[in-house]
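Notes for the one structure printed next.
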Amino acid sequence: MEDYGALGDGRSVALSGTDGSIDWWGVPNLDSPPLFDRLLDANKGGYFSIQPTDPFSVERHYLKDSNVLVTFFHTQSGSAKLTESLNSSYAGRLPWSELARRVEGISGEISFRFSVFFSTRDDTASPYFSKIGDFPVFHIKDVLGLFLHSESINSESSDEGISGHFMISEGERKLLAIVAGQSEPLVVPTIADIDGRIDISHHAWQEWVKIISYDGIYRNAFVRSALSLKFLLFSPSGAIAAAATTSLPEKIGNNKNYDYRYAWVRDAGYTINAFLAINAQADAKAAFTWLLERLQQHGSHVCYTLAGDLVDEVYETNLAGYRNSRPVVTGNLAASQHQHGIYGDIFGTAWCFVSKGNILDPCSAELLSHLADECADNWRQKDAGIWELPKNHHYTSSKISCWQALARAVELADCGQLPTTCRERWGRERDRIEQWIEENCWSDQQQAYVMYPGCEKLDASLALAVQFRYPATERLSLTMEALDRELGAGPFHYRYSEVDKEEGCFLACSFWIAEAKAHLGQNDDAARRLDNLVKALDRGVGIWSEMVDPKDLSWLGNIPQGLTHLAFITALETLSEKSQA
């Protein structure tokens with residue numbers, strides 16, 4: 001999985017491997033059925049491959065401050081460069097999907113073969129071609145598309161797909177591309193226009209990066225994480241997807257395979273905070289507005305579709321799965337859960353928004369006031385917790401999230417951003433929650449806050465309590481030590497006690513702990529942790545997954561994973577601020 005790089009256009013994400021094969025691409029949207037899905041079925045899945053016919057080695061990287069990906073192929077006979085982009089235009093996102101792959105000869109001469117094999121959508125669709133004018137047009141249910149290429153390239157097409165060969169010599173330049181849409185007229189651009197939009201897209205990414213003010217350690221990795229978060233901002237609506245893929249396993253051969261192509265309140269809230277931290281105000285505002293509108297429309301749910309609807313129940317497909325890890329699913333069980341964490345997440349985001357000098361409108365202020373009242377009424381109940389577990393408990397992290405929500409609600413009222421009608425009640429409930437936590441959630445045996453009262457399990461998400469400004473500093477410091485002791489595996493951490501047999505280490509947790517150390521004044525420790533994490537994750541092109549196997553460092557879980565990248569960004573921002581204080 002670490003061999004994949006991601007391409008994005010603000011609407012969808014494609015994954016391109018070091019072997020020259022694009023093995024995942026939803027068309028036209030990030031959560032659409034995939035046009036290519038070999039990622040989830042090595043034998044039957046669709047793909048778009050361009051690779052030398054002779055044995056080859058590979059070097060690859062993104063262009064500087066860009067999401068345009070470059071791969072260098074080296075063979076005995078020569079070298080060539082593959083430049084890949086999901087294209088945009090000067091006006092922003094194109095009103096169609098355009099995947100461009102440019103091949104340039106660097107030295108000598110290389111023979112390439114290419115093939116395009118379309119997904120059958122778990123055998124629910126049968127791709128076919130028809131001739132419209134001069135073009136063979138492919139159809140996959142309501143998706144209509146063209147495979148376009150330079151005149152010097154010959155190709156053969158059938159209902160099974162497209163294939164061909166071409167030679168590339170030093171100084172030559174050839175292009176292969178797919179243009180597609182769903183239930184809409186199809187534009188037929190020229191090869192020159194598509195080729196030119198690769199450079200336009202590159203410059204557009206570079207212009208966006210110019211807003212990033214961070215200039216501390218690991219700036220290149222910081223920028224790469226910011227660009228990875230930008231992949232997940234669904235520009236047609238403003239929603240932020242948790243990840244770009246579905247069903248990639250948290251442990252090879254296990255069944256913890258989930259669909260993350262939805263907008264979680266938690267992930268969206270944290271990503272908005274990260275956008276605010278990097279000065280991406282337009283992106284933060286669009287995402288925050290979308291989130292508030294969903295809460296107004298549907299009430300407090302854990303997640304929503306990228307179009308703003310409620311998430312369907314889980315549906316299992318017959319695909320073989322990544323490295324035969326089943327099930328392969330669409331939908332997510334979290335849709336039917338309640339998590340108290342959504343209260344803290346939305347109020348933490350609102351506070352971050354106004355702390356940057358921004359202003360809440362009366363409609364949003366009224367909505368937040370009602371959510372604060374809801375939190376004040378509901379905090380005593382059990383919930384599914386941040387990890388969306390099947391059994392409800394009085395999870396400590398959930399109670400702290402409720403404390404966070406009411407603490408921020410009071411602060412928002414005090415600075416004139418929320419009505420003060422219920423301000424005193426919010427303050428009293430905030431204090432009751434803190435008292436309940438201190439009386440029920442501390443373990444003298446562990447010298448730490450436990451996962452929930454009555455157990456001795458630890459929960460790495462409690463590192464978030466430090467950035468939430470929960471006031472029990474001494475106990476939180478001791479809890480961080482306990483998390484290292486029981487959940488640590490090298491520089492990484494498992495999510496909670498006794499989960500190591502089911503999944504890998506959750507990368508965001510380790511970044512949360514590093515950030516907590518910085519908040520607690522342990523800057524040297526925080527810097528050391530971040531250094532160890534960055535070195536351990538220095539594989540591929542900088543696109544990080546949800547989890548990692550601490551033994552062989554292989555990627556696990558869905559990719560690109562927003563929570564991982566944003567946790568890295570906020571940890572670096574916090575360390576930079578604390579080091580300068």
Side-chain angles (χ1 to χ4, degrees), residues 237-240 263-277 280-304 308 310 338-381 383 386 397-437 464-465 467-471:
S237 69
I240 295 173
W264 267 254
V265 173
R266 175 192 62 224
D267 298 58
Y270 293 173
T271 305
I272 292 165
N273 296 350
F275 279 144
L276 289 167
Q281 292 186 335
D283 300 295
K285 192 274 177 186
F288 188 37
T289 297
W290 181 88
L291 192 55
L292 291 170
E293 288 177 348
R294 301 292 73 73
L295 291 165
Q296 183 74 57
Q297 179 183 7
H298 297 297
S300 52
H301 290 265
V302 173
C303 56
Y304 307 92
L310 296 179
H338 175 74
Q339 299 172 22
H340 290 335
I342 60 174
Y343 300 124
D345 297 335
I346 191 63
F347 276 95
T349 301
W351 176 255
C352 187
F353 182 79
V354 303
S355 69
K356 298 294 184 181
N358 302 308
I359 299 170
L360 295 175
D361 63 286
C363 182
S364 297
E366 181 182 3
L367 169 66
L368 290 170
S369 295
H370 291 319
L371 286 172
D373 291 338
E374 184 179 314
C375 176
D377 285 332
N378 289 348
W379 73 265
R380 297 176 185 274
Q381 299 177 18
D383 77 323
I386 186 173
S397 63
S398 295
K399 304 305 183 190
I400 291 176
S401 288
C402 290
W403 177 93
Q404 176 200 18
L406 295 177
R408 299 298 91 80
V410 168
E411 292 169 355
L412 288 165
D414 287 347
C415 67
Q417 296 277 1
L418 291 187
T420 59
T421 309
C422 295
R423 187 259 184 220
E424 298 306 315
R425 188 218 175 184
W426 298 338
R428 291 194 302 272
E429 292 296 337
R430 171 201 61 198
D431 296 342
R432 289 190 182 105
I433 297 171
E434 181 182 348
Q435 181 180 357
W436 191 94
I437 292 169
L464 291 168
Q467 62 174 273
F468 294 165
R469 292 188 275 136
Y470 186 73

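The nearest pair of heavy atoms linking Cys375 to Leu406 is SG-CG, 4.1 Å. Summarising the geometry of Ala413 relative to Arg423, their closest heavy-atom pair is CB-CG, 3.8 Å, with the distance given to 0.1 Å. Counting all heavy atoms, side chain and backbone alike, Glu374 lies closest to Ser300 at OE2-OG, 2.6 Å. Residue His340 comes nearest to His338 through the heavy atom pair ND1-NE2, 3.0 Å, listed as atom of the first residue, atom of the second, then distance. When all heavy atoms of Gly344 and Ala405 are compared, the closest pair comes out as N-CB, 3.7 Å. Considering all non-hydrogen atoms of both residues, Ala350 and Leu412 come closest at CB-CD1, 4.1 Å.
Between Trp403 and Tyr470, the ring-plane angle classifies as perpendicular under the 30° and 60° cut-offs.
Side-chain N or O atoms of Arg266 include one that pairs as donor or acceptor with a backbone N or O of Ile386 at under 3.5 Å.
Considering only heavy atoms from C-beta on, Tyr343 comes within 4.5 Å of Asn378 through its side chain. Residues Trp290 and Ile272 are not in side-chain contact: their nearest non-hydrogen atoms beyond the backbone lie 4.5 Å or more apart. The side-chain heavy atoms of Gln417 and Phe353, taken from C-beta on, include no pair separated by under 4.5 Å. The shortest side-chain heavy-atom distance between Arg430 and Glu434 does not fall under the 4.5 Å cut-off. Between Ser397 and Leu464 the shortest side-chain heavy-atom distance does not fall below 4.5 Å. Between Phe275 and Cys352, every side-chain heavy-atom pair lies at or beyond the 4.5 Å cut-off. Trp426 places a side-chain heavy atom less than 4.5 Å from the side chain of Asp373. A heavy-atom distance below 4.5 Å is not found between the side chains of Phe288 and Asn273.
Taken to the nearest 0.5 Å, the OG atom of Ser398 stands 12.0 Å off from the CD atom of Gln381. Between the CZ atom of Arg408 and the CH2 atom of Trp351 there is a distance of 7.5 Å, given to the nearest 0.5 Å. Between the SG atom of Cys363 and the CD atom of Glu293 there is a distance of 9.0 Å, given to the nearest 0.5 Å. The CG atom of Leu418 lies 6.5 Å from the CG atom of Leu360; values are rounded to the nearest 0.5 Å. To the nearest 0.5 Å, the span separating CG on Asp345 from CG on Leu291 amounts to 9.0 Å. With rounding to the nearest 0.5 Å, the separation of CD1 in Ile346 from OG in Ser401 is 12.5 Å.
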Q | Tyr304 and Val265: CA distance, side-chain angles, deciding distance, side chain to side chain contact (heavy atoms under 4.5 Å, CB included) verdict | A | CA-CA 8 Å; Tyr304 307 92; Val265 173; 3.8 Å; yes
(Q) Before you tell me yes or no, could you show the steps for Gln435 and Arg432 under side-chain hydrogen bond (donor to acceptor under 3.5 Å, both in side chains), namely the whole-Å CA-CA distance, both residues' side-chain angles and the distance that decides it to 0.1 Å? (A) CA-CA 5 Å; Gln435 181 180 357; Arg432 289 190 182 105; over 6 Å; no
Q. After noting the C-alpha distance and the side-chain angles of Leu295 and Leu368, does the key distance pass the side chain to side chain contact (heavy atoms under 4.5 Å, CB included) rule?
A. CA-CA 9 Å; Leu295 291 165; Leu368 290 170; 5.9 Å; no
(Q) Before you tell me yes or no, could you show the steps for Leu276 and Thr349 under side chain to side chain contact (heavy atoms under 4.5 Å, CB included), namely the whole-Å CA-CA distance, both residues' side-chain angles and the distance that decides it to 0.1 Å? (A) CA-CA 10 Å; Leu276 289 167; Thr349 301; 5.7 Å; no
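A salt bridge links Arg425 to Asp377: one of the charged nitrogens lies within less than 4.0 Å of a carboxylate oxygen.
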